[in-house]
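In what follows, a single structure is set out as structure tokens and then discussed.
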Amino acid sequence: MALSDLVTCIVQRGRKGWDVTYASEGRTPRDFSDASLAAAIERASAEVASLYSGKPEAASAELQFAIYPWRGDAGKVILDVAEQPDGLKLRDIQGTGIEFQSQSIEAAIADAERYLPGTDGAMVRWIRPVAGLTPRQ
């Protein structure tokens, strides 16, 4: 199976932490679970980077995280993550005007609970270029 220009990594709360599942038209790493959200995202990023390492598809491929930290009908609020020199900027791409800064992805989840009128139906999207990811050592 070939590599795709897009790998979606679905991250949701599980029984003992965060469950990670991949979706793509091409090859993907194996699904896994991790105790912390930050560790799950870093591991998923490193595994995708390793899969694409040295391949021409790495130049244009993207890793899209769909993070579901809350219950509900996801998609009412989609907080898009942009990396900034001093942390992460999140803004709702559904038009509510919600926008805030956070120091880390785990802080962003806690901050969202303060900034959103309710988290039912909210999710976080983070798109990272595969070329900028560091493979596993």
Side-chain angles (χ1 to χ4, degrees):
M1 184 179 275
L3 295 172
S4 176
D5 281 343
L6 177 65
V7 175
T8 299
C9 183
I10 301 159
V11 184
Q12 49 194 339
R13 285 190 196 268
R15 291 182 185 184
K16 295 182 179 181
W18 296 88
D19 296 333
V20 175
T21 305
Y22 296 96
S24 178
E25 292 180 0
R27 286 185 293 149
T28 64
R30 291 179 179 241
D31 299 346
F32 67 92
S33 294
D34 211 304
S36 83
L37 177 57
I41 287 173
E42 287 311 307
R43 177 177 169 185
S45 297
E47 289 186 3
V48 168
S50 294
L51 184 65
Y52 280 73
S53 182
K55 307 286 191 299
E57 294 91 346
S60 61
E62 293 180 323
L63 172 57
Q64 172 181 254
F65 285 98
I67 305 167
Y68 299 95
W70 308 286
R71 303 259 183 245
D73 184 23
K76 293 178 188 173
V77 174
I78 300 174
L79 296 172
D80 192 53
V81 176
E83 293 182 66
Q84 305 285 310
D86 58 344
L88 303 173
K89 179 179 180 179
L90 288 88
R91 71 175 182 83
D92 178 24
I93 60 173
Q94 298 293 79
T96 63
I98 296 169
E99 190 172 302
F100 58 92
Q101 294 274 133
S102 293
Q103 294 300 307
S104 68
I105 192 62
E106 289 179 332
I109 301 308
D111 292 342
E113 292 171 355
R114 287 195 332 249
Y115 290 112
L116 297 175
T119 55
D120 286 353
M123 65 171 287
V124 177
R125 181 184 78 164
W126 188 358
I127 299 174
R128 301 176 80 183
V130 170
L133 303 176
T134 303
R136 288 194 96 164
Q137 300 299 322

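The closest side-chain heavy-atom distance from Ser4 to Glu57 is not below 4.5 Å. Taking the side chain as every heavy atom from C-beta outward, Val81 and Ile67 never approach each other to under 4.5 Å. For the pair Ile41 and Trp18, the minimum side-chain heavy-atom distance is 4.5 Å or more. Between Val124 and Phe65, every side-chain heavy-atom pair lies at or beyond the 4.5 Å cut-off.
A continuous path of hydrophobic side-chain contacts links Leu37 to Phe32 [ILVMFWY only; heavy atoms under 4.5 Å].
Atom CD1 of Ile98 and atom CG of Leu116 lie 4.5 Å apart (nearest 0.5 Å). Atom CG of Leu90 sits about 8.5 Å away from atom CD of Gln101, to the nearest 0.5 Å. From Thr28, atom OG1 reaches atom CG of Leu63 across 11.0 Å, with rounding to the nearest 0.5 Å. In this structure, CG on Leu3 lies 4.5 Å from OH on Tyr52, to the nearest 0.5 angstrom. Residue Gln12 holds its CD atom at 6.0 Å from OG1 of Thr21, rounded to the nearest 0.5 Å. For the atom pair CD (Gln64) and CD1 (Ile127), the distance works out to 4.5 Å, reported to the nearest 0.5 Å.
Ala49 approaches Leu133 most closely through the heavy-atom pair CB-CB, 3.6 Å. Of all heavy-atom pairs between Trp70 and Ala112, the closest is CH2-CB, 3.6 Å. The two residues Ala107 and Ser104 make their nearest non-hydrogen contact at N-OG, 3.1 Å. Of all the heavy atoms in Leu51 and Pro29, the pair that sits closest is CD2-CD, 3.9 Å. When all heavy atoms are compared, the tightest approach of Ser102 to Asp111 is OG-OD2, 2.6 Å.
For the side chain to side chain donor-acceptor pair (under 3.5 Å) test, residues two or more places apart in sequence or in another chain that qualify with Lys89 are Glu99.
Side-chain N or O atoms of Asp31 include one that pairs as donor or acceptor with a backbone N or O of Tyr22 at under 3.5 Å. Checked by atom type and distance alone, the side chain of Arg125 never pairs as donor or acceptor with a backbone atom of Asp80 at under 3.5 Å. A donor-acceptor contact shorter than 3.5 Å links the side chain of Asp92 to the backbone of Ile78. Panel note: side chain Ser50, backbone Pro135; no donor-acceptor pair is recorded below 3.5 Å. A donor-acceptor pair under 3.5 Å links the side-chain atoms of Ser36 to the main chain of Ala39, judged by distance alone.
Residue-environment remark: CZ (Arg27) exceeds the threshold of 12 foreign heavy atoms within 6.0 Å.
Sorted by first and then second residue, the salt bridge (charged side-chain N to carboxylate O under 4.0 Å, His left out) pairs with a member in residues 34-51 read Glu42-Arg128, Arg43-Glu47, Glu47-Arg136; sequence neighbours excluded.
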